[in-house]
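Numbering of residues begins at 1 and proceeds along the displayed sequence.
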Amino acid sequence: MGNLWEAKFTSTMRVSPILYMVLIGPPSSGKTPPLRQAEIPLQQHDMDADVAYNRLKQEYDRLMQMSSKERQEQGFPEYPEKPVHKEILVIDSTIEKLFSIIKDNPHGILVLVNELNKLVSNLNRYGKGSDEAYWIEFFDGNQVKYERKGSGEYVNVFRPYVSVIGGTQPGLLSKMFAGERAASGFTTRFLKIFPDITQMPKWRRSGMSEDVSLQWEVIIRQVLETPCEYDSNGEIVPQVLEFSQDAIDTLFLWEERIEQEWENADSYMQGVCGKLKTYVIRFCLIIHVMRLVCGEMADEKIDEKSAKAACTLADYFLEMDKRVHNLVSNKPVDTVHQQLYDMLEGEFTTSDAVSAGSSLGLSERTVKRFLRNGIDNYLKKDRHGVYTKFEISCK
């Protein structure tokens with residue numbers, strides 16, 4: 001969607017559908033395949049753009065080998081315009097290179113990294129805090145300025161659009177998202193997908209239906225090919241979608257629920273609640289545009305159905321972030337695991353845990369995984385089959 005659409009919630013609140021997202025799971029748990037399936041239409045779009053760019057670049061290079069006089073004599077411009085490389089998917093880039101890509105692609109870009117830890121670990125590698133600050137500005141779609149050292153190139157983008165998606169492992173979350181990054185708000189800008197994976201993903205005898213893949217490709221191409229206008233600075237003039245009164249009422253009811261979460265949360269989760277108030281408006285926009293593109297409706301006003309779906313999505317990501325926060329804070333990840341932890345004595349055996357877990361409807365396998373994951377986090381293994389609880393605050 002990029003910069004093609006904006007949602008106008010109030011006279012002072014207009015948002016673009018920018019997403020920062022991380023898929024979390026152990027190695028070989030199936031994080032990459034859905035990303036690869038989703039990006040296929042974008043890959044094809046970029047391949048087509050590459051063919052067009054290479055053709056224009058060859059012609060440009062041929063003209064530049066002529067003298068100015070020769071070009072004029074043959075009816076070509078005296079100073080040919082250098083072609084611009086258009087792309088949507090950015091697989092790997094430094095922040096310096098990223099600014100040039102953003103400048104050349106006003107539609108917007110998606111930074112796709114198989115291992116998000118690679119991107120995060122390189123933040124501020126060559127500077128003192130500037131890279132992370134730029135990513136925070138990208139999230140809000142704020143104007144950014146950058147001057148490349150050496151070349152002297154100056155980049156000024158009024159409405160940058162950069163979304164990010166990648167995967168990582170649970171064991172890397174503390175390194176990536178705890179400490180100063182949590183305090184700065186960098187961490188809370190990422191939507192987390194952290195399912196409870198209890199078994200190795202299995203092969204399926206039948207893959208995704210070709211009809212589904214084709215429909216996905218058609219939908220994405222329709223979005224990408226949506227006509228747009230440009231302003232005098234070469235920036236896209238977005239289509240602005242407003243909200244119906246029913247949609248507004250739905251969102252204000254959801255806000256009351258998220259405020260209750262905020263009141264009972266620690267400082268990190270309060271930050272998550274705050275960011276979800278931005279994200280829920282972005283979800284409304286994304287869902288409604290997808291419904292428009294799919295021909296489900298014709299009214300461009302974001303309606304109650306889109307708003308309710310967006311609220312459900314925001315609630316899901318709230319629960320996912322709670323799981324991540326508990327893991328990083330060395331707490332039991334899920335509510336039911338916290339209940340199991342609270343039921344156990346200060347010192348207990350595996351048999352005690354299995355018995356307590358059974359009363360909560362947990363299988364023996366799940367309880368043993370709870371014990372295994374808890375060692376050095378919220379449990380100490382004294383000897384075979386005997387554990388001691390750490391004293392932790394689980395607010």
Side-chain angles (χ1 to χ4, degrees), residues 1-6 14 16-18 39-112 126-127 130-131 133-135 137-138 140-164 217 220-240:
M1 289 173 59
N3 274 324
L4 292 174
W5 285 276
E6 278 187 347
R14 290 169 57 155
S16 298
I18 297 169
E39 71 174 299
I40 288 174
L42 302 180
Q43 287 178 328
Q44 186 60 54
H45 176 277
D46 279 3
M47 289 173 63
D48 294 343
D50 287 346
V51 171
Y53 170 76
N54 289 331
R55 184 174 62 250
L56 293 172
K57 183 67 164 55
Q58 289 177 0
E59 177 64 9
Y60 173 80
D61 291 341
R62 184 182 73 84
L63 294 178
M64 292 306 294
Q65 290 176 355
M66 303 179 183
S67 67
S68 175
K69 182 178 179 181
E70 287 174 328
R71 288 195 291 268
Q72 289 180 300
E73 287 176 347
Q74 296 183 36
F76 295 113
E78 182 179 1
Y79 301 103
E81 184 176 350
K82 188 175 182 180
V84 173
H85 185 221
K86 298 295 183 181
E87 57 187 313
I88 292 177
L89 279 178
V90 177
I91 306 300
D92 188 20
S93 175
T94 63
I95 195 72
E96 185 177 59
K97 177 61 177 175
L98 196 62
F99 270 93
S100 293
I101 296 173
I102 294 169
K103 181 191 69 173
D104 292 339
N105 293 274
H107 177 283
I109 60 171
L110 170 63
V111 178
L112 182 65
Y126 303 108
S130 60
D131 283 13
Y134 282 129
W135 283 106
E137 292 300 316
F138 289 153
D140 294 323
N142 292 334
Q143 180 182 14
V144 290
K145 300 179 180 181
Y146 189 84
E147 185 170 357
R148 298 184 66 176
K149 296 179 180 178
S151 68
E153 180 187 4
Y154 177 70
V155 177
N156 180 5
V157 183
F158 184 69
R159 293 183 62 252
Y161 179 97
V162 183
S163 282
V164 186
E217 181 177 346
I220 296 304
R221 282 200 172 273
Q222 281 185 267
V223 172
L224 294 176
E225 294 170 2
T226 298
C228 62
E229 297 180 359
Y230 294 84
D231 63 19
S232 58
N233 296 318
E235 304 253 0
I236 287 178
V237 179
Q239 299 181 45
V240 180

Open item on the list: Applying the side-chain hydrogen bond (donor to acceptor under 3.5 Å, both in side chains) criterion to Asp61, which one of Gln58, Gln65, Lys57 satisfies it?
Closed with: Lys57

Task: Nearest heavy-atom neighbours spanning Asn105 and Ile101 - done: ND2-O, 2.8 Å

Open item on the list: I'd like to know if Glu217 and Arg221 make a salt bridge, using a cut-off of under 4.0 Å between side-chain N and carboxylate O.
Closed with: yes

- [ ] Mind checking the CD-CE spacing from Gln44 to Met47? Nearest 0.5 Å is all I need.
- [x] 5.0 Å

Task: Pair Gln143-Asn156, side-chain hydrogen bond (donor to acceptor under 3.5 Å, both in side chains): steps then yes or no - done: CA-CA 7 Å; Gln143 180 182 14; Asn156 180 5; 2.8 Å; yes

TODO: Decide, yes or no, whether a salt bridge links Glu235 with Arg159 under the criterion of side-chain N to carboxylate O below 4.0 Å.
DONE: no

Task: Residues, nucleotides or ligands: over 12 heavy atoms within 6.0 Å of Glu73 CD - done: yes

- [ ] Would you sort out whether Ile236 and Leu4 count as a side chain to side chain contact (heavy atoms under 4.5 Å, CB included), showing the intermediate values?
- [x] CA-CA 7 Å; Ile236 287 178; Leu4 292 174; 4.2 Å; yes

Task: Side-chain heavy atoms of His45 within contact of Glu87, under 4.5 Å - done: no

Open item on the list: Looking at every non-hydrogen atom in both residues, tell me the closest pair between Ile102 and Pro160 and how far apart they are.
Closed with: CG2-CB, 4.0 Å

Open item on the list: Can you confirm whether Arg71 sits close enough to Pro80 that some side-chain heavy atom of one is under 4.5 Å from a side-chain heavy atom of the other?
Closed with: yes

Open item on the list: side chain to side chain contact (heavy atoms under 4.5 Å, CB included), that's the test. Do Tyr230 and Val237 meet it? Break it down for me.
Closed with: CA-CA 5 Å; Tyr230 294 84; Val237 179; 5.9 Å; no

Task: Side-chain heavy-atom pair Leu224, Ile88 within 4.5 angstrom cut-off - done: yes

- [ ] Would you confirm whether Glu70, through its side chain, and Ser67, through its main-chain N or O, come within 3.5 Å as a donor-acceptor pair?
- [x] yes

- [ ] Look at the aromatic rings of Tyr134 and Phe138 and report parallel, tilted or perpendicular, splitting at 30° and 60°.
- [x] parallel

TODO: Kindly give the heavy-atom pair with the smallest separation between Leu110 and Val164, and that separation in Å.
DONE: CD1-N, 4.1 Å

Task: Heavy-atom pair of closest approach, residues Asp104 and Lys86 - done: O-NZ, 2.7 Å

- [ ] Indicate the atoms forming the closest heavy-atom contact of Leu89 with Asp46, along with that distance.
- [x] N-OD2, 2.9 Å

TODO: Measure the acute angle between the ring planes of Phe99 and Tyr146, then classify it against the limits of 30° and 60° as parallel, tilted or perpendicular.
DONE: parallel

Open item on the list: Ignoring hydrogens, what is the shortest heavy-atom contact between Ser163 and Pro17? Give both atom names and the distance.
Closed with: OG-O, 4.0 Å

TODO: Evaluate the side chain to side chain contact (heavy atoms under 4.5 Å, CB included) criterion for residues Lys69 and Glu78: first the C-alpha distance (whole Å), next the side-chain angles of each, then the deciding distance (0.1 Å), finally the verdict.
DONE: CA-CA 8 Å; Lys69 182 178 179 181; Glu78 182 179 1; over 6 Å; no

Open item on the list: Quick one: does any side-chain atom of Asp140 pair with a main-chain N or O of Asn142 as donor and acceptor, under 3.5 Å?
Closed with: no

- [ ] Hey, could you give me the NE2/SG distance between His107 and Cys228, rounded to the nearest 0.5 Å?
- [x] 7.5 Å

Open item on the list: For the CG atom of Asn3 and the CZ atom of Phe158, what is their distance to the nearest 0.5 Å?
Closed with: 11.0 Å

Task: Val111 and Leu98: CA distance, side-chain angles, deciding distance, side chain to side chain contact (heavy atoms under 4.5 Å, CB included) verdict - done: CA-CA 9 Å; Val111 178; Leu98 196 62; 4.2 Å; yes

Open item on the list: Suppose the criterion is ring pair (Phe, Tyr, Trp, His ring centres under 6.0 Å): which pairs have a residue in residues 57-93, not counting sequence neighbours?
Closed with: Tyr53-His85

Task: Atom pair OH/CD1 of Tyr161 and Ile109 - distance to nearest 0.5 Å - done: 10.0 Å

